[in-house]
Amino acid sequence: MARPLRSARLRAAALTLPLAAFVVVTFVAPLALMLVRSVHEPQVADALPRTLAALERWDGGSLPGEPAFRALGTELRELDGRRGLGAVATRVNRIESGMRSRMLATGRALGPGSPESWRDAVLAADPVWGEARAWLALQRAGERFTLRHYLRALDLDRDSSGAVVRISPDQRIYVPLLLRTLLVSLAITAICLVLGYPVAYLIANAPPSRSNLLLLLVLVPFWTSLLVRTTSWIVLLQNQGVVNDILVAVGLVAEDGRLALVYNMFGTLVAMTQILLPFMILPLYAVMNSISPEHMRAASSLGATFRQGFVRVYWPQTMPGVAAGSLLVFILAIGYYITPALVGGRTGQLISNMIAYHMQESLNWGLAAALGVILLACVAVLYAVFDRLVGIERMRLAS
């Protein structure tokens, strides 16, 4: 009996292998790669090994000795010859602004042969190498494993002594953007709950023919491209758009006082709420549809007003749908990218837009990965708080 039972268990486990492989390939592996990218950046260390070795015993205050200048000069010249200096210089420039052009100029200025004094040759190529900050930037960029991306993502940096300090107020970008993302996601979740709850209640308590029609109207947006829906809001909300034309026509707004409804935070809130509203309505409807109308009638027969019956009888039964819809809308909102990028303008951008910028344009994948990890950590913390206050076990699509 033991062998057939073991064989049955093995066959059952084998059936889960495709799902396990899918989860590993699409979730675990990208997440692990993001974690590695956020702390591992070996490009400068691989490109300038002799220079970094010469700086190992450098005190960080005075200029390094002749061996460091010789190693830097030869390696910059070699990288320039292989056309690999630009990528290395870009990474150093992320630590010390202006170093990219200085390193490229130095690599081009150092000609063939071996000068009598590499120190004089390198300083003649660019005087910046006479300052300790240039060498400190090289040393920091040459760290294979570093937390500088996380520091930058939290608007922090290290001073010359290595202490962690906050960067200047005019350069603090990521923490305000992260807070804005969390607040916008919470606001959209609250708006979707306020708008979606009565709609779900109406659908759940309407006659079958009318209920099916209303449910169809809720599902129609899923059949339309997200890009089309987003650009439609641009047409509706722009300065010469439909909404402003109606407001002018009815006299609520003067012709020269048209409202700025798009390319700002208002446009982001409106467009994202309309797109995410079905994700709130459907879980609420699934739960409400399973609640018997007799419960409210029983509460009324016992002397409860509609408000008392709703608060003490109906609302608690819909909490699984409220929890499921709220969590679903919040998770989707916090990672939205296309809609804020198109209708948000400068003030309506979210942290996802900055992550996409570093992935696609600045190519600072380490910082993008660090921002992604911090965003994931914030979601995990909020998930834990949600579980503590509401209880994940109550989040289901049917009661």
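Small disclaimer: the values here were computed from a predicted structure and weren't measured.
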What residues form a salt bridge (charged side-chain N to carboxylate O under 4.0 Å, His left out) with D80, not counting sequence neighbours? none
Can you give me every donor-acceptor pair (side chain of residues 65-73, partner residue at least two apart or in another chain, under 3.5 Å) with its distance?
residue: E66; atom: OE1; partner: R119; partner atom: N; Å: 3.3
residue: E66; atom: OE2; partner: W118; partner atom: N; Å: 2.8

One should read off an interatomic distance between S185 OG and M272 CE, to the nearest 0.5 angstrom, of 6.0 Å
Is atom CH2 of W365 surrounded by more than 12 heavy atoms (other residues, nucleotides or ligands) closer than 6.0 Å? no
Listed partners of D157 passing salt bridge (charged side-chain N to carboxylate O under 4.0 Å, His left out), at least two apart: R140
Which donor-acceptor pairs under 3.5 Å do the side chains of residues 28-36 make with protein atoms, sequence neighbours left out?
none

Give a yes or no answer on whether the side chain of S326 reaches the backbone of A323 with a donor-acceptor pair at less than 3.5 Å. no
I'd like a table of donor-acceptor pairs (distance under 3.5 Å, sequence neighbours excluded) in which one partner is a side-chain atom from residues 200-222, with atom names and distances.
residue: N205; atom: ND2; partner: Y201; partner atom: O; Å: 2.8
residue: S211; atom: OG; partner: I203; partner atom: O; Å: 2.9
residue: N212; atom: ND2; partner: P208; partner atom: O; Å: 3.1

Between T90 and R100, does any side-chain donor sit less than 3.5 Å from a side-chain acceptor? yes
Return the CD1 to CG distance between I234 and L342, rounded to the nearest 0.5 Å. 5.5 Å
Please name all residues satisfying side chain to side chain donor-acceptor pair (under 3.5 Å) with T74, sequence neighbours left out, ordered by chain then number. R50
Is there a donor-acceptor pair closer than 3.5 Å between any side-chain N or O of S117 and the backbone N or O of D120? yes
Considering all heavy atoms, the nearest N244-Q238 contact: ND2-O, 3.2 Å
Only counting residues at least two apart or in another chain, list the ones meeting salt bridge (charged side-chain N to carboxylate O under 4.0 Å, His left out) with E361. none
Answer with yes or no whether the side chains of S362 and Y357 bring together a donor and an acceptor at under 3.5 Å. no
Residues that L183 engages under side-chain contact (heavy atoms from CB on, under 4.5 Å), provided they are two or more places apart: none
Among R144, E143, H149, whose side chain to side chain donor-acceptor pair (under 3.5 Å) with T146 holds? E143
For L195 against V199, the heavy-atom pair lying closest together: O-CG2, 3.3 Å
Nearest 0.5 Å please: distance from the CE atom of M280 over to the CD1 atom of I188. 11.0 Å
If hydrophobic clusters are built from ILVMFWY residues whose side chains come within less than 4.5 Å, do I173 and V164 share one? yes
Interatomic spacing from CG in L151 to CZ in R166 - rounded to 0.5 Å: 13.0 Å
Report the residues that fulfil salt bridge (charged side-chain N to carboxylate O under 4.0 Å, His left out) with R133, sequence neighbours left out, ordered by chain and then residue number. E96, E131
By the salt bridge (charged side-chain N to carboxylate O under 4.0 Å, His left out) test, which pairs, at least two apart or in different chains, include something from residues 255-278? D245-R258, E255-R258
W233: partners by ring pair (Phe, Tyr, Trp, His ring centres under 6.0 Å), with sequence neighbours left out: none
Starting at CD1 of I355, measure out to OH of Y174 and round the result to the nearest 0.5 Å. 10.5 Å
Please list, chain by chain and in numerical order, all residues satisfying ring pair (Phe, Tyr, Trp, His ring centres under 6.0 Å) with W315, sequence neighbours excluded. Y197
Student check: side-chain heavy atoms of L182 and L382 closer than 4.5 Å: yes
Would you confirm whether E75, through its side chain, and T51, through its main-chain N or O, come within 3.5 Å as a donor-acceptor pair? yes
